[in-house]
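Sequence lines set the chain letters: A, B, ... in the order given, protein chains first and strands last, and positions in each chain run from 1. What you are looking at is a predicted structure, and each value in this text was computed from that prediction instead of being measured. No hydrogens, no waters, no symmetry mates; every other heavy atom, side chains included, goes into these values.
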Protein chains: 2
Amino acid sequence: MELQQLRYVVAVAETLNFTRAAERCRVVQSALSHQIAALERELGARLFERTSRRVRLTPAGEAFLPAARQCLEAADRARAEVAAAGGEIRGRLAVGAIPTVAAVDLPVLLRDYRRRHPRVRITLTSAGSQDLIERVRRGGVDVAFLGLPPRTEPKGVRSLRLGGGELVAVVAPDYHLAEREVELRSLADEPFIDFRAGTAGRAQSDEAFAVAGVRREVPFEVSSADFMVDLVRQGLGVGMLPAAYAPRFPDLRVIRLRGAPARVEHLVWDNRPSSATRAFLELVGAGHAGGVSPPE
Amino acid sequence: MELQQLRYVVAVAETLNFTRAAERCRVVQSALSHQIAALERELGARLFERTSRRVRLTPAGEAFLPAARQCLEAADRARAEVAAAGGEIRGRLAVGAIPTVAAVDLPVLLRDYRRRHPRVRITLTSAGSQDLIERVRRGGVDVAFLGLPPRTEPKGVRSLRLGGGELVAVVAPDYHLAEREVELRSLADEPFIDFRAGTAGRAQSDEAFAVAGVRREVPFEVSSADFMVDLVRQGLGVGMLPAAYAPRFPDLRVIRLRGAPARVEHLVWDNRPSSATRAFLELVGAGHAGGVSPPE
DNA sequence: TTCAACCATCATAAATTGCGATCGATCGCG
DNA sequence: CGCGATCGATCGCAATTTATGATGGTTGAA
């Protein structure tokens, strides 16, 4: 088994087409066919099922692919680590974040990071917290900013608790509430627009009301902050967002809440951070944090 | 960069000798030298510092090596996954355990596992809990049984809480205590032999006495259960061990303790378990457990 | 039926990898 | 100080591997 063969396999798996995979690898199709056939012979199993009109992964191919990708990633990392040892950090940095990150200014952070390490290719992905944790575990994302239900810690990854901003209520400009700051409990009778039940953002709002001893109605559940804002604009009810995030919607009115808890966010990363990832953690200030348990 | 080159680099790094590395790889020394030189040329950095009497890793080599090993492991895993997809699980299973595992019968477990998956090469390593967690994180160990201080969870790995046995006191046959069962507090004046401060085993004993509201003396601190037993045999004091573990020393007297908490152990594993590891987790009953946090 | 897309195969050329012999440097030892 | 032993680098050559370009067979659509 050689890395070249793995590169070919991954290319075919992604294009599902030997000819285009060969183009991408800059070899003729026959060379690629030959290499894949040789690998299949060595493994004793077909990785691709070729009917002459389509190419598909066999179960064996499905099983092979994740480890093959990890192998290629490790090879890239090895190369990047050597460059890092020579002083210059290279490689990739895949950052994930929920759409409502409030604890850090992500654009500024990425700009600073890029300034310091211009040879690192940065990607930014938006997704839900649970999805992000899974991707960090799988290695598709290197670091992620996300929210979690109160008093929980993500499992299977290293993490650092970030102080987030407070939650504030947002309403349409002509909404009937006129105050700029209210007790949380005084909102009890308003209709709320919040994240769907089960999400970390929703759990944090619920927590705030539970602590205040108030039951509230949430007739509208949404899957993203943008949807929430859309509904709030229509005057359908009150939304709750991190204070640092609300100013992005200047057409909405912000109502500060007395008794709202600070929103807690977490920075999570993989167990085996690359040098590019380590540099990012250092920049964020998580260089040597991460809550190691005491020894046996 | 090719896997063959990585194999050569790892061999040289482990033997610190080109000639012996070449023997291990079953090629002549010149071939290996040539490949390594080619890789160094491609990377633009020397991986080894050769003085004509010794070979050492350069900083670049140190940086390169971990990722290179992970790359080779991933390649092995890819091969093993294909075999697993064909029905038969192969590969390696590196099990780690503290010396005093009480929650499971490890020999029986390994025997059952071997019976079911005879093509998996099993290794068993003994170490401290914190060391084991680190090795699981690094990928050197696939699954580990270990202890943790009360009410903590290991970070950076998947884990399952195992119900452990109770702790019992063990004493020399002629020790002055005659009872077969006592209140924990009645041992307060005895000299204890226990694990060194900071270990999980020690923390669990301390916890038991703290709960009983008793201060005790621990004049002897040891690093393994075997040392503890050695000192107990000499009549130097009282030891505390998991009940399931004590019968291994039939020459000692066991004193059951009223008020001793159950010892808690954890099974931990990596985020990206191989098929061999998955099969082991299933056997232990952790197939789909592991405390996933709720979604965002 | 014809055509176009697509992968396998084959002969051949190019590149890589390995072999064996040898060189030069270094260290220990007498 | 000189000898022998150890060890990695180097070189020419052979074996193997990998890539090329042309061709053929299969399949689905027009």
What's the [atom1]-[atom2] distance between [X] and [N], to the nearest Å?
X: Arg56(B); N: dC7(D); atom1: CZ; atom2: P; value: 16 Å
X: Leu39(B); N: dT16(C); atom1: CG; atom2: C1'; value: 15 Å
X: Glu42(B); N: dT17(C); atom1: CD; atom2: P; value: 10 Å
X: Leu3(B); N: dT17(C); atom1: CG; atom2: P; value: 12 Å

Point-to-point distance, once rounded to the nearest 0.5 Å, from CZ of Arg196(B) to CD of Glu221(B): 9.0 Å
Straight-line distance of Gln35(A) CD to Cys25(A) SG, nearest 0.5 Å: 10.5 Å
Checking [X] now: which residues fulfil side chain to side chain donor-acceptor pair (under 3.5 Å) with it, not counting sequence neighbours?
X: Gln70(A); answer: Arg77(B)
X: Thr19(B); answer: none
X: Asp76(B); answer: none
X: Arg138(B); answer: Glu134(B)

Considering only residues two or more places apart or on different chains, which pairs with a residue in residues 56-98 of chain B satisfy ring-ring contact (aromatic ring centres under 6.0 Å, His included)?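 Checked against ring-ring contact (aromatic ring centres under 6.0 Å, His included) - neighbours excluded - no pair reaches residues 56-98 of chain B.
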Could I get the full list of side-chain contact (heavy atoms from CB on, under 4.5 Å) partners for [X], not counting sequence neighbours?
X: Arg135(A); answer: Thr125(A), Ala127(A), Asp131(A), Val141(A)
X: Gln4(B); answer: Glu2(A), Arg7(B), Tyr8(B)
X: Arg69(A); answer: Val10(A), Glu14(A), Leu65(A)

Can you name the nearest heavy-atom pair linking Ala85(A) to Ala60(B), along with the distance?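 Shortest heavy-atom contact: CB-CA, 3.9 Å.
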Please check if any side-chain donor atom of Ser274(B) sits under 3.5 Å from a side-chain acceptor atom of Thr277(B), or the reverse. yes
Determine to 10° how strongly the helix from dT1(C)-dA30(D) to dG30(C)-dC1(D) is bent, judged from the axes of its five-pair ends. 20°
In residues 14-29 of chain B, what residues come within less than 4.0 Å of DNA chain C, judged by heavy atoms?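 Contacts with DNA chain C under 4.0 Å: Val27(B), Val28(B).
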Between Glu73(A) and Arg272(B), does any NZ, NE, NH1 or NH2 come within less than 4.0 Å of an OD or OE carboxylate oxygen?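 Here Arg272(B) does not pair with Glu73(A) in a salt bridge, since their nearest N and O are not under 4.0 Å apart.
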Name the pairs: protein N/O against N/O of nucleotides 25-27 of chain C, kept only if under 3.5 Å.
{"from": "dT26(C)", "atom 1": "O4'", "to": "Ser52(B)", "atom 2": "OG", "distance (Å)": "2.5"}

Tell me whether the side-chain N/O atoms of Arg50(A) come closer than 4.0 Å to OP1 or OP2 in dA8(C). yes
Between protein and nucleic acid, restricted to nucleotides 14-18 of chain D and to nitrogen or oxygen atoms under 3.5 Å apart, what atom pairs and distances do you find?
{"from": "dT18(D)", "atom 1": "O5'", "to": "Gln35(A)", "atom 2": "NE2", "distance (Å)": "3.3"}

Any donor-acceptor pair under 3.5 Å joining the side chain of Ser30(B) to the base of dG20(C)? yes
